Amino acid sequence: MSRTEQLTKPKGAEGSSPGRWIALSVLVLAVLLVAVDATVLGLATPSLSEDLKPSGTQLLWIGDIYSFVIAGLLVSMGSLGDRIGRKKLLLVGAAAFGAVSVLNAYATSPEMMILARALLGVAGATLMPSTLALIRNIFHDPKERSLAIGIWGATASAGAAVGPVVGGALLQHFWWGSVFLINLPVMIVLVIVGIKLLPESKNPVAGPWDLLSVGLSLVGIIGVVYAVKQVATHGMGWEVWAAAVIGAGALYTFVRRQFTLTAPLLDMRLFKHRGFSGAVLADLLTVFGLSGLVFFLSQFLQLVQGREPLEAGLAELPAAIGAVVTGLVAGRYARKYGVRVIVTGGLAAIGVALAALTVIHKETGYPLLGAALLIVGLGAGFSFTVTADVILSSVPKEQAGSASAVSETAYELGAALGIALLGSVVTGVYQGFTAPASVTGPVADAAHESLGGAVEAAKSLDPQTAQQMLDSAQEAFVDGLRLASGVGAAVLLATAVAAWFLLKGQELQDGIEH
């Protein structure tokens with residue numbers, strides 16, 4: 001047995017030993033940790049807005065700074081895990097994630113909340129690449145690995161379901177910061193159990209960690225995404241041009257540098273594999289199309305339709321249920337019907353569901369919303385699970401961390417861009433609503449910042465004027481949500497067409513690796 005096999009093949013990886021499945025149960029706790037945190041933020045946004053009183057721009061930053069930072073660091077952290085050990089990085093990151101969650105819970109200003117979310121992104125960047133990379137190294141039978149990836153994805157979806165429900169229950173009895181404290185028990189179990197059960201794995205010939213490349217990737221991604229965000233909200237300005245030029249220049253330099261290093265932070269040759277590139281592109285555009293909807297849906301359910309936080313959380317369950325169901329069988333169906341059929345079909349289903357949401361209005365009944373969310377979940381479970389499998393199976397085990405990081409970077413970058421652009425679409429349409437003539441000055445300004453701001457500002461008005469302003473604000477918000485859903489639908493349907501060609505001939509492996 002070679003040194004690489006000794007390092008990457010954990011006890012129980014072959015035969016009938018349950019060791020690999022027990023290890024998987026620890027890994028999915030990390031996924032649960034991140035998924036729960038991501039979903040509860042959207043649910044807590046209305047009460048957070050009431051307490052911290054962020055501006056519309058600050059509210060968007062609270063929503064997307066986590067994705068900005070995590071996207072900028074994922075490649076670096078995936079490569080670091082390949083070098084120092086994925087188990088070690090996962091456990092350190094989980095402990096940091098729990099600690100920073102406390103800082104999020106007790107933030108006292110919008111600026112502090114933005115900083116806390118950024119630090120959470122640093123910790124979160126260590127978790128997702130490590131979990132997928134360890135799955136790649138623990139499961140050598142491709143069919144077992146497909147099932148493990150399906151369970152991994154289903155757990156993320158389950159976390160997305162548990163987050164709003166548990167968060168909704170907490171928000172009805174406690175302050176908004178309590179939704180972040182639910183990370184702590186999961187983190188404690190993960191660290192204690194992971195120390196004993198997880199096998200260590202790393203690339204024995206990875207070479208040194210290039211700090212200059214780390215800085216270039218971070219500056220490049222954050223610079224470009226910031227520029228896109230600012231153009232969408234405020235138009236072009238010298239600071240936007242500066243961010244775009246610095247970001248693009250850093251990314252260009254990063255790519256050039258990787259070709260010159262004997263031990264690159266990211267092996268750019270991975271992108272020569274058409275299946276790998278197609279799967280990464282599909283993930284990025286899918287999350288882009290979905291993220292604006294996900295970020296604003298909780299506000300629609302609570303601030304427009306008047307649902308309680310727990311009820312809003314339960315209303316979002318169909319998407320997670322659909323993703324769990326299809327995620328567990330996606331690998332089997334991809335082997336039977338073909339990768340591109342399953343991925344394309346999943347993406348098209350999401351696109352159709354988003355298109356259905358372009359007809360929603362303030363009084364839309366739950367059957368339409370629930371059906372659309374269920375179809376979104378079913379499609380996402382198929383497409384995300386199969387693309388993750390394609391990405392992992394396209395690279396050697398030693399590069400699993402880097403490949404996983406690319407996959408997660410596409411996901412987080414898509415989320416950041418989606419919230420920035422589609423969120424700006426919603427915000428831009430919303431801010432154009434007409435307030436009653438008697439509402440002027442600071443009250444009118446606060447109402448036009450965000451829907452949460454309008455709800456808060458209405459408390460200082462007489463009942464009739466308050467209701468007139470809220471009706472107008474809610475209609476404008478729904479108009480923006482419809483437009484964002486239409487853009488998302490177009491993006492998803494175009495991505496489905498692209499995936500059909502990019503994934504042509506792509507198949508999942510069947511034979512056991514040695």
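Remember, it's a predicted structure, so these values are computed and weren't measured experimentally. All values below were derived from every heavy atom in this structure, side-chain atoms included, with hydrogens, water molecules and symmetry-related copies excluded.
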**Report entry** Any L90 side-chain heavy atom under 4.5 Å of K87 side chain
**Finding:** no
**Report entry** Side-chain (S146) to main-chain (G331) donor-acceptor, under 3.5 angstrom
**Finding:** no
Query raised in the report: What's the verdict on side chain to side chain contact (heavy atoms under 4.5 Å, CB included) for V386 and I149, showing C-alpha distance, side-chain angles and the deciding distance?
Result: CA-CA 9 Å; V386 175; I149 292 171; over 6 Å; no
Query raised in the report: Under 4.5 Å between any side-chain heavy atoms of I65 and L115, yes or no?
Result: no
Query raised in the report: Any side-chain heavy-atom pair from I62 and P54 closer than 4.5 angstrom?
Result: yes
Query raised in the report: So do R335 and K143 actually touch side chain to side chain, heavy atoms under 4.5 Å?
Result: yes
Query raised in the report: E475 versus H361: any side-chain heavy-atom pair under 4.5 Å?
Result: no
Query raised in the report: What heavy-atom pair brings V69 and L218 nearest, and what distance separates the two atoms?
Result: O-CD1, 4.4 Å
Query raised in the report: Are the side chain of N104 and the backbone N or O of F180 linked by a donor-acceptor pair below 3.5 Å?
Result: no
Report summary line: Nearest heavy-atom contact between V390 and G275 is CG1-O, 3.6 Å
Query raised in the report: Heavy atoms, side chains only, cut-off 4.5 Å: are V478 and T364 in contact?
Result: no
Query raised in the report: Would you say R332 has more than 12 foreign heavy atoms packed within less than 6.0 Å of its CZ?
Result: no
Query raised in the report: Is the backbone of W500 close enough, under 3.5 Å, to the side chain of R340 for a donor and an acceptor to pair up by distance?
Result: yes
Query raised in the report: OG1 of T131 to CG of L24: how many Å apart, nearest 0.5 Å?
Result: 9.5 Å
Query raised in the report: Nearest heavy-atom pair of L89 and M77: which atoms, and what distance?
Result: CD2-O, 3.1 Å
**Report entry** Min side-chain heavy-atom separation Y366-P318 under 4.5 Å
**Finding:** yes
Query raised in the report: Going by heavy atoms in the side chains, are V28 and I151 under 4.5 Å from each other?
Result: yes
Report task. Would you give the length of the straight line joining atom CG of L216 to atom CD1 of I221, rounded to the nearest 0.5 angstrom? Result -> 11.0 Å
Report task. Verify the ring-centre separation between W21 and F139: is it less than 6.0 angstrom? Result -> yes
Requested in this report: Determine, step by step, whether F382 and V343 satisfy the side chain to side chain contact (heavy atoms under 4.5 Å, CB included) criterion, reporting the C-alpha distance in whole Å, the side-chain angles of both residues, the deciding distance to 0.1 Å, and the verdict.
Outcome: CA-CA 6 Å; F382 274 131; V343 173; over 6 Å; no
Report task. Output yes when a side-chain donor or acceptor of T344 lies under 3.5 Å from a complementary backbone atom of V341, and no otherwise. Result -> no
Report task. Give, for atom CG of L80 and atom CZ of R86, the distance between the pair rounded to the nearest 0.5 Å. Result -> 11.0 Å
Report task. Measure across A349 and G379 and return the closest heavy-atom pair with its distance rounded to 0.1 Å. Result -> CB-CA, 4.4 Å
**Report entry** Minimum-distance pair of heavy atoms, taken over all atoms of G72 and S217
**Finding:** O-OG, 3.5 Å
Query raised in the report: Judged by atom type as modelled, is there a donor-acceptor pair below 3.5 Å linking the side chain of T126 to the main-chain atoms of V122?
Result: no
Query - Q474 side chain vs L303 backbone, donor-acceptor pair below 3.5 Å - result: yes
Query raised in the report: So how far is it from L373 CG to L357 CG, rounded to the nearest 0.5 Å?
Result: 7.0 Å
Query raised in the report: Does S277 reach the main-chain N or O of F271 with its side chain, forming a donor-acceptor pair under 3.5 Å?
Result: yes
Query raised in the report: Atom CZ of R307 and atom CG of L301: how far apart are they, to the nearest 0.5 Å?
Result: 5.5 Å
Requested in this report: Provide the closest heavy-atom pair for L483 versus V429 in the form atom of the first, atom of the second, distance.
Outcome: CD2-CG2, 4.0 Å
Query - Verdict with supporting geometry, I342 and S383, side chain to side chain contact (heavy atoms under 4.5 Å, CB included) - result: CA-CA 7 Å; I342 297 303; S383 60; over 6 Å; no
Report summary line: Taken to the nearest 0.5 Å, the spacing of L147 CG from W152 CH2 works out to 14.5 Å
Report task. Walk me through it: do V359 and R482 pass the test side chain to side chain contact (heavy atoms under 4.5 Å, CB included)? Result -> CA-CA 7 Å; V359 300; R482 284 199 296 262; 5.8 Å; no
Query raised in the report: Are any side-chain N or O atoms of R274 and backbone N or O atoms of K504, one a donor and one an acceptor, separated by less than 3.5 Å?
Result: yes
